Each structure stands twice: as structure tokens, then as C-alpha cells.
Number of protein chains: 2
Amino acid sequence: MIKMKLDKSNHLDLIFAALSDKTRRRILMLLLEDDMSVTDIAEPFDTSLAAISKHLIVLEKAGLISRERKGRISWCKILPDALRDAVIWIESFGQVQPFNLDALEEFIALNLKGNI
Amino acid sequence: MIKMKLDKSNHLDLIFAALSDKTRRRILMLLLEDDMSVTDIAEPFDTSLAAISKHLIVLEKAGLISRERKGRISWCKILPDALRDAVIWIESFGQVQPFNLDALEEFIALNLKGNI
DNA sequence: TTTTAATTCAACCATGTGGTTGAGGAACAA
DNA sequence: TTGTTCCTCAACCACATGGTTGAATTAAAA
């Protein structure tokens, strides 16, 4: 179990820092589909397993995923309220756009091509 | 003028990295009130002017603020769509659950054909 | 038991980051 | 002209980050 979130501000640091890396964003997208083992997560990436393992630790410390060890396998899953604090901060910023179909469509197109 | 945003993914890197620092988040909040000079922005902080100046450069490169030099004074302001890409990413993340990704794609496909 | 597989740890490297101080360059004030 | 103010740049420092490889740990398989 990870010790965290003494301080909200520091938690925001961790969330945004975790999201600032393309590999970690891709990992989160993968985990949207299903819970996965570390090896499976690493499969589509061109980096070492150790590097992916470190990314997962960053994501866990930011409270975005949890890891549960079952036997040899460490199952990773997205936490339900992962982005909650980030969303609250961004909303408090007051610039949140209403639901934007064009942007979303573009996003999904890129995402499906693996560009995000 | 800053050269940027060749690549959306890299832009997200810059935005989230910019937001991952508490000082920079505070600066953004300050700028929500009004456009400000660098010296005025630095006033409430306990760090050097040079450090604040560097933070502003980070925010500018991330496309979150603009700086316009008028005489000696560099006026900083928040860009209107500053957090747009971040919001899109986060919103999509929240909505594109496994079950609803297909539906969303279908919706967009229909929309592209003018059926909605 | 021996081997193989899944994951992490340790040590290392190159680079980035946030901070400092001090030296300027421009623009305004006296 | 001579200061003075606003800001940036350059050099430096300590530390974090993302990557590597190789060893160690743990659990399953043979």
C-alpha cells in the first residue's frame, strides 16, 4: 500500500507530473480497456520492462492506478476517481469548455492511431 | 513569439508538466484576476525574480500564457483556450469507458455522415 | 528439485528542473 | 547624462527523471 495525499497541493503535483509523460498516458489508456499485468502493459512499448515498472510506480504514487500482486503477477487497474483532483482544479480554473464534439473526435482519431 | 505545437502529444506533455508545479499553478490563478507584469507576479512569492521569470517561460512554451513586452514591462496574460487540450484529454479519459468507446465512435461516425 | 517466468531492485548515465547569484540590456526618470 | 527599474541571461548547484543492464526475488512449471 502506498502512503500519500497528506497535502492536496502535492497530490496535484504528482497527478499532473504523472500525466506529463506520453508513455504513462498511453498506459492509462491501455488500462481503460482492462486490468493488465506489467508484462502485458509493456508489450506494445519499445522500452525495457524495468522502465515500464517505474512508470507504473509513478502512476501508483499519483493515485491513478493500483497494483495488486497475485502470485507472480502484478495486476494493474485504474482507480475509479483517478483524475478527480485534477478535474476539480481545472474546473476551478474556470475555463472548462463545454463538451466539444469536434475536439473529441479529433482526439479519438489520434488516439486510435496511437499518437497520444 | 514562441514556436510550438507541431505535435499534440508533445503539447500535452508541456501542459501537464507546466501544471505539475505549485508555483506555476498559483501564477495561473493570479493571472485569472488580471494581466500582470513579471514583478507584480513575483511579489507574493518567496523566490527570486529570475526563478519566476523561468516559470513564466515554461507557461508560455506550454501555450498557457502569452507575454507581450511594452517598454520595460512584460505583460503576462492567460490565453483563452489555455487548458483546452488538457480538458479534452481528461474528459475523454473519463468518458471513454470500454463499454462506451464503441458507442462514441459510432456516434462520431454517424455524425461525420451527417446522420445526427 | 530444477528451471523458467514475472517483477522489482540496484547501480549507473545523460538530461532536465527549480533554485540561486551576478552581470548585464533596455527603457524610463531626474 | 546619470541613475533606477524591469527583466532576462549565464553560470552554477542539488536533485529528480527516464532510460539502461544485470542481479535478485518470488512463484509457477517441469
Side-chain angles (χ1 to χ4, degrees), chain A residues 1-4 7 9-28 30-31 34-62 64-77, chain B residues 1-4 7 9-28 30-31 34-62 64-77:
Chain A
M1 196 49 181
I2 282 278
K3 176 194 299 187
M4 55 158 295
D7 168 18
S9 173
N10 188 52
H11 184 215
L12 279 176
D13 287 4
L14 295 178
I15 294 182
F16 286 127
L19 295 181
S20 74
D21 183 273
K22 181 175 163 179
T23 299
R24 287 193 292 263
R25 288 197 304 275
R26 262 184 86 191
I27 290 175
L28 289 175
L30 285 176
L31 289 174
D34 204 353
D35 301 354
M36 294 173 84
S37 70
V38 177
T39 303
D40 286 350
I41 291 170
E43 195 271 330
F45 294 94
D46 198 22
T47 52
S48 69
L49 199 64
I52 298 296
S53 179
K54 283 203 215 170
H55 280 305
L56 293 169
I57 290 169
V58 171
L59 289 169
E60 186 180 31
K61 285 189 175 159
L64 301 184
I65 69 168
S66 68
R67 288 182 302 163
E68 193 184 355
R69 196 87 187 223
K70 286 252 172 66
R72 282 182 299 185
I73 296 184
S74 184
W75 291 100
C76 302
K77 70 168 76 167
Chain B
M1 197 50 180
I2 282 278
K3 177 192 302 187
M4 56 159 293
D7 167 19
S9 175
N10 188 52
H11 185 214
L12 279 174
D13 287 3
L14 295 178
I15 294 182
F16 285 127
L19 294 181
S20 75
D21 183 274
K22 185 176 162 178
T23 299
R24 286 192 292 264
R25 289 196 304 275
R26 261 183 86 193
I27 290 175
L28 288 175
L30 284 176
L31 288 176
D34 205 355
D35 300 354
M36 293 173 82
S37 71
V38 177
T39 304
D40 286 349
I41 291 171
E43 195 270 328
F45 294 94
D46 199 21
T47 52
S48 69
L49 197 65
I52 297 296
S53 179
K54 283 203 217 170
H55 281 306
L56 293 170
I57 290 169
V58 171
L59 289 169
E60 187 180 31
K61 284 187 176 161
L64 301 183
I65 69 168
S66 67
R67 289 182 302 163
E68 193 184 355
R69 196 86 187 225
K70 286 251 172 68
R72 282 181 300 185
I73 295 183
S74 184
W75 290 100
C76 302
K77 70 168 74 167

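Convention: sequence-line order gives letters A, B, ...; per-chain numbering from 1. Keep in mind it's a predicted model, so treat the numbers as computed, not measured.
Atom pair B/Arg69:CZ and D/dT5:P shows a separation of 16 Å (rounding to whole Å applied). Computed from coordinates, the A/Lys70 NZ to C/dT7 C1' distance equals 16 Å when rounded to whole Å. Rounded to whole angstrom, the span from the NZ atom of A/Lys61 across to the P atom of D/dG18 amounts to 12 Å. Between the P atom of D/dC7 and the CD atom of B/Glu68 lies a distance of 13 Å, rounded to the nearest Å. One can place CH2 of A/Trp75 at 11 Å from C1' of C/dA6, the figure rounded to the nearest angstrom. The CG atom of B/Asp21 sits 9 Å away from the C1' atom of C/dT17 (whole-angstrom rounding). A/Arg24 has its CZ atom 8 Å from the P atom of D/dT17, to the nearest Å. One can place CG of A/Asn10 at 15 Å from C1' of C/dG18, the figure rounded to the nearest angstrom.
Between D/dC7, C/dT7, C/dG18, one nucleotide has an atom nearer to the side chain of B/Ser74 than all others, and that is D/dC7.
Judged by distance alone with a 3.5 Å cut-off, no donor-acceptor contact links the side chain of A/Arg72 to the base of D/dT26.
Residues A/Ala62 and A/Ala18 share a closest heavy-atom pair of CB-CB, 3.8 Å. Closest approach of A/Ile41 to A/Leu30, counting heavy atoms only: O-CD1, 3.9 Å. When every heavy atom of B/Ser74 is checked against every heavy atom of B/Arg67, the shortest pair comes out as OG-CB, 3.8 Å.
One finds a side-chain N or O of A/His55 lying less than 4.0 angstrom from the OP1 or OP2 phosphate oxygen of D/dG19. A/Ser37 has no side-chain polar atom (N or O) that falls below the 4.0 Å cut-off from OP1 or OP2 of C/dA6.
Heavy atoms of B/Ile73 sit under 4.0 angstrom from primed sugar atoms or phosphate atoms, though from no base atom. Heavy atoms of B/Ser48 sit under 4.0 angstrom from at least one base atom. Using a 4.0 Å heavy-atom distance criterion, B/Ala50 is classed as a base contact.
B/Leu59 contributes atom CG, which lies 11.0 Å from atom CG of B/Leu14 (distance to the nearest 0.5 angstrom).
Where A/Ser20 and B/Thr39 meet DNA chain D, the nucleotide closest to each residue was compared, and B/Thr39 sits on the side nearer the 5' end.
With respect to B/His55, the side chain to side chain donor-acceptor pair (under 3.5 Å) criterion is satisfied by exactly one of B/Arg26, B/Arg24, B/Glu60: B/Arg24.
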